[in-house]
Amino acid sequence: ERTFTGSAGINYDEGDYKAVIFYLFKGGADTFNLIVPLDHCEEDRDMYQEYRDARKKIKLELNDLRNISAVGSNQVCDIFGVNKHFSILQELYNDNDALFIANSGVITQPITKHMDWQKTLPILFAHNHMQKEAQAIDPLKVNAGTGVGGRMMDMLKKNGYNTAANTVRGKALINKGDSKYGNPSWSISTTNFASFDPYSSLIH
């Protein structure tokens, strides 16, 4: 059972606390082997078989998957499977504590696998560029130099919420917002541990 593990002895409503956790897989994540279409698909398509045909030797078998329901969410299938080695996602999804955002990215126009991929502004096949784009989510540079997390905090603070952020192993672009909002962002070392302030600025 997952429980809130805030500072002991402080009286506040756990329901007031919200957090966004962002994992950056710097080497890339094979998401086609994270969530897989299974059953009750549109137009009676067997999309699991289509998946098997496309993935061939690196496909996931049915016993490698943990089912989740997408009924009522207007997806191409009503049933998907989550990789059993990441079963925590199934648990979080079933508890309404997680969701999946598929087919999203930072291209600036529709492209195909042919040479027209060069027409989009982000450099799609360079790890360092895509790591930066994943944190910025601003391919047209409308808010150049900021990260999507920082902009989220800016809007929350603008609307009266207390906000703060932590990163692990150095500063990260994702937490950078407009300096006029002054959102605090701390870096957590993985070697030199320090105690957190039990009276965080997040607590009213």
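Only a predicted model underlies this, so the values are computations on that prediction, with no experimental measurement involved.
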*Might you point out which heavy atoms bring V76 and F80 nearest each other, and give the distance in Å?*
CG2-CZ, 4.3 Å

*Of all heavy-atom pairs between K176 and G145, which one has the smallest distance, and what is that distance?*
CD-O, 3.2 Å

*Check: L62 and L38 side chains under 4.5 Å, non-hydrogen atoms*: yes

*Taking the side chain as every heavy atom from C-beta outward, state whether D30 and R55 have any pair of such atoms under 4.5 Å apart.*
yes

Distance (rounded to the nearest 0.5 Å) between [X] [atom1] and [Y] [atom2]:
| X | Y | atom1 | atom2 | answer |
| --- | --- | --- | --- | --- |
| H85 | R66 | NE2 | CZ | 8.5 Å |
| I35 | L89 | CD1 | CG | 8.5 Å |
| I101 | T31 | CD1 | OG1 | 12.5 Å |
| I174 | Q131 | CD1 | CD | 12.5 Å |

Expected output: side-chain [X] to main-chain [Y] donor-acceptor under 3.5 Å:
| X | Y | value |
| --- | --- | --- |
| K157 | D154 | no |
| Y181 | G150 | no |
| R151 | A136 | yes |
| S185 | N175 | no |
| Y93 | S69 | yes |
| Q135 | L173 | yes |
| T120 | T108 | yes |
| D138 | T146 | no |

*Quick one: side chain to side chain contact (heavy atoms under 4.5 Å, CB included) partners of V168, sequence neighbours excluded?*
T190

*Mind checking side chain to side chain contact (heavy atoms under 4.5 Å, CB included) for V20 and listing every partner two or more places apart, or none if nothing turns up?*
M152

*Could you walk me through whether Q75 and E42 pass side chain to side chain contact (heavy atoms under 4.5 Å, CB included), step by step?*
CA-CA 8 Å; Q75 299 300 313; E42 62 184 15; over 6 Å; no

*Would you check if there is a donor-acceptor pair between the side chains of N33 and N83 at a distance under 3.5 Å?*
no

*With E43, which residues qualify under side-chain hydrogen bond (donor to acceptor under 3.5 Å, both in side chains), at least two apart?*
none

*Determine, step by step, whether D39 and Y48 satisfy the side chain to side chain contact (heavy atoms under 4.5 Å, CB included) criterion, reporting the C-alpha distance in whole Å, the side-chain angles of both residues, the deciding distance to 0.1 Å, and the verdict.*
CA-CA 7 Å; D39 206 355; Y48 177 65; over 6 Å; no

*When clusters are formed by joining ILVMFWY residues with side-chain heavy atoms under 4.5 Å apart, either directly or through shared neighbours, do F100 and F32 land in the same one?*
no

*Show your working on side chain to side chain contact (heavy atoms under 4.5 Å, CB included) between V106 and M130 and close with a plain yes or no.*
CA-CA 9 Å; V106 293; M130 293 312 296; 3.6 Å; yes

